[in-house]
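One structure is given below, encoded as structure tokens.
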There are 2 protein chains.
Amino acid sequence: MLRHSILEILPPELRKEAAESIQVMRFPPGKILFSAGEHCKGLPLMLSGAVKVQMTGISGNSIVLYRMGADDICTLSIGCLMTGYGYRAEAFVEEESVAALVPRGLFDRLMDQSAAFRLGIMESYGRRLDDLMLLVEEVAFRRMDERLEEWLAARCSPIHITHQALAVELGTAREVVSRLLKELERKGRVQLSRGRIDVTGL
Amino acid sequence: MLRHSILEILPPELRKEAAESIQVMRFPPGKILFSAGEHCKGLPLMLSGAVKVQMTGISGNSIVLYRMGADDICTLSIGCLMTGYGYRAEAFVEEESVAALVPRGLFDRLMDQSAAFRLGIMESYGRRLDDLMLLVEEVAFRRMDERLEEWLAARCSPIHITHQALAVELGTAREVVSRLLKELERKGRVQLSRGRIDVTGL
DNA sequence: ACACCAGTGTGACTTTATCACTGAACTGGC
DNA sequence: GCCAGTTCAGTGATAAAGTCACACTGGTGT
């Protein structure tokens, strides 16, 4: 417990409080950490695993905004905690994850007393901002076929995903993904089957 | 000097240090606060005015990411200061602005010793994150004609802007804006002239 | 009065999004 | 095994948006 991450380098008094008030939770893949509209119950500090954060527009379409991994603090939750508004996005556990749920009071004390904790927070914010800026640029200006090929090239070959899920990754429509993939298959670059893409050469 | 904002509620010792090490600067409209690739020289804390932050993609197209106003701290600069990387975007002064340039050392001390300052930082980050998430959704899923009409409706009538600049606001191409505006003019909703749009009814 | 140039208009074409529907592949029950 | 229900994938038709190329126009300065 509390073996990892930012929390292990706290000064002794804080470590004690942390050990007492922090809830460490384990989330299985598929679990929804929070959904849109919901209110924040505590600040998740990721100790391990992978969580994707995605958002659904008024149109009903969704897009993956970014992913959180070990040592990330959920910046979205900080915002919700501060403002009291509900979440604007939803978080979906992709790989078995362990997260420490930091209550508000402790969070404030940590911010007050640990420079290392503050640094961790700032880094998480920085990463998120960067991710989102890059995403805006991608979505606004880059071509779909390029983005799709990059996405495919970035993972290892038997990729298990549906066209619908891939469309959410890229922020487009399922049909668009289907057509582009079919085109790639015609060119002999991938091989398609239900729920699976084999990359044969990019 | 230091009459405003977060800085006026600091404890006395910090106020003194702040007054000594902070440079208050005045920027005229049109001035570029920083551009892409540049390195961060100090943390701008906006005291008044308006600055727009925009980014240019590899394609050469640009998009306005968000705007900063009074009491905003430039979150992008925090990231640059921490990581040492250059800016990914550029900041353009729209209205005469006054900003306090906080050096790194003072920033760390402020974070350490002022809860109010920390809160201000977190709020700025929260706003930015929110702005960007909303923008991603807009760009990815919403129709251009709707977005254009909303943009027009949100300001008061003789709007002085070129189609090119409007395209950057919305993250699209100049031609698209020209055509949509022409269409609106045909419908009698706006009246177009060089560098100017009169909204006659939306 | 003329040259120059930023700003605008538009045709032709490509890419992407949307709608509507078909069929194919898995699932669970019987 | 066979069938019904469901999820996933393919595709035509059409509309919206982006790209490229080029013409025109209104203002500026000389």
Side-chain angles (χ1 to χ4, degrees), chain A residues 30 56-63 135-152 158-199, chain B residues 30 55-64 135-152 158-199:
Chain A
T56 301
I58 16 165
S59 58
N61 301 29
S62 301
I63 183 169
L135 182 59
V136 168
E137 207 256 293
E138 280 234 347
V139 170
F141 303 128
R142 299 200 46 213
R143 297 187 39 137
M144 216 53 212
D145 49 2
E146 274 179 30
R147 293 179 57 210
L148 174 60
E149 290 194 32
E150 259 173 40
W151 195 95
L152 293 173
I159 304 173
H160 292 276
I161 192 170
T162 66
H163 297 184
Q164 176 56 52
L166 193 33
V168 172
E169 290 288 331
L170 300 172
T172 183
R174 201 260 314 156
E175 300 92 311
V176 174
V177 171
S178 286
R179 271 191 255 266
L180 290 174
L181 281 173
K182 210 67 200 164
E183 186 58 29
L184 282 178
E185 193 177 41
R186 266 179 229 115
K187 290 184 192 157
R189 324 264 290 267
V190 300
Q191 161 119 39
L192 303 175
S193 47
R194 190 188 171 89
R196 168 173 176 164
I197 304 167
D198 288 82
V199 178
Chain B
M55 180 181 193
T56 300
I58 17 165
S59 58
N61 301 30
S62 300
I63 183 170
V64 172
L135 183 59
V136 167
E137 208 256 294
E138 281 235 346
V139 170
F141 303 128
R142 299 199 46 215
R143 295 185 40 138
M144 215 54 213
D145 49 1
E146 274 180 30
R147 293 179 55 210
L148 175 60
E149 290 195 31
E150 260 174 40
W151 195 96
L152 293 174
I159 304 173
H160 293 274
I161 191 169
T162 66
H163 297 182
Q164 176 57 50
L166 192 34
V168 171
E169 289 288 332
L170 300 172
T172 183
R174 200 261 314 157
E175 298 92 311
V176 174
V177 170
S178 285
R179 270 191 257 267
L180 290 174
L181 281 174
K182 209 70 201 161
E183 185 58 28
L184 281 179
E185 192 176 43
R186 264 180 232 113
K187 290 184 191 159
R189 324 265 289 268
V190 301
Q191 161 119 38
L192 303 176
S193 45
R194 189 186 175 89
R196 167 173 178 165
I197 304 167
D198 289 81
V199 179

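Lettering of chains follows the sequences in order, A, B, ..., and the numbering in each one begins at 1.
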Taking the side chain as C-beta and beyond, is there a heavy-atom pair between Val177(A) and Trp151(A) under 4.5 Å? no
note: Lys182(B), atom NZ; dT25(D), atom P; distance rounded to Å ~ 12 Å
Distance check: side-chain N/O of Asn61(B) vs OP1/OP2 of dG18(D), anything under 4.0 Å? no
Using whole Å, what does the distance between atom P of nucleotide dT15(C) and atom CZ of Arg147(A) come to? 16 Å
Does Arg174(B) contact dG9(C) through a side-chain donor or acceptor facing the base, at a distance under 3.5 Å? yes
Counting only distance, no hydrogens or angles, is the base of dT27(C) paired donor-acceptor with the side chain of Arg194(A) under 3.5 Å? no
Whole angstroms only, please: what is the CG-P distance between Asp145(A) and dT15(C)? 8 Å
Taking atom C1' of dT16(C) as reference, at what distance in whole Å does atom CZ of Phe141(A) sit? 16 Å
Is Ser193(B) near enough to dG26(D) that one of its side-chain N or O atoms lies under 4.0 angstrom from OP1 or OP2? no
Toward the 5' end of DNA chain D, which comes first, Gly195(A) or Ala140(A), by nearest nucleotide? Gly195(A)
Please state how far atom CZ in Arg186(A) lies from atom C1' in dA9(D), giving the value in whole angstrom units. 13 Å
Taking 4.0 angstrom as the limit, do Lys182(A) and Glu185(A) come out as a salt bridge? yes
Report the C-alpha distance between Val168(B) and Asn61(B) in whole Å, list the side-chain angles of each, state the deciding distance to 0.1 Å, and finish with yes or no for side-chain contact (heavy atoms from CB on, under 4.5 Å). CA-CA 8 Å; Val168(B) 171; Asn61(B) 301 30; over 6 Å; no
With respect to the phosphate group of dC8(D), does any side-chain polar atom (N or O) of Thr162(A) fall under 4.0 Å of OP1 or OP2? no
Of all the heavy-atom pairs spanning Pro158(A) and Arg196(A), show the shortest one and how long it is. CB-NH2, 3.8 Å
Answer with base, sugar-phosphate or nothing: what part of the nucleic acid does Arg143(B) contact at a heavy-atom distance below 4.0 Å? sugar-phosphate
His160(B) NE2 to dG27(D) P, in whole Å, measures 13 Å
Side chain Arg179(B) and base dG11(C) donor-acceptor under 3.5 Å: yes
Leu180(B) CG - dG18(D) P separation (whole Å): 9 Å
Give a yes/no answer on whether the side chain of His163(B) brings an N or O atom under 4.0 Å of OP1 or OP2 in dG9(C). yes
Answer yes or no: is there an ion pair linking Glu138(B) with Arg147(B), defined by an N-O contact shorter than 4.0 Å? yes
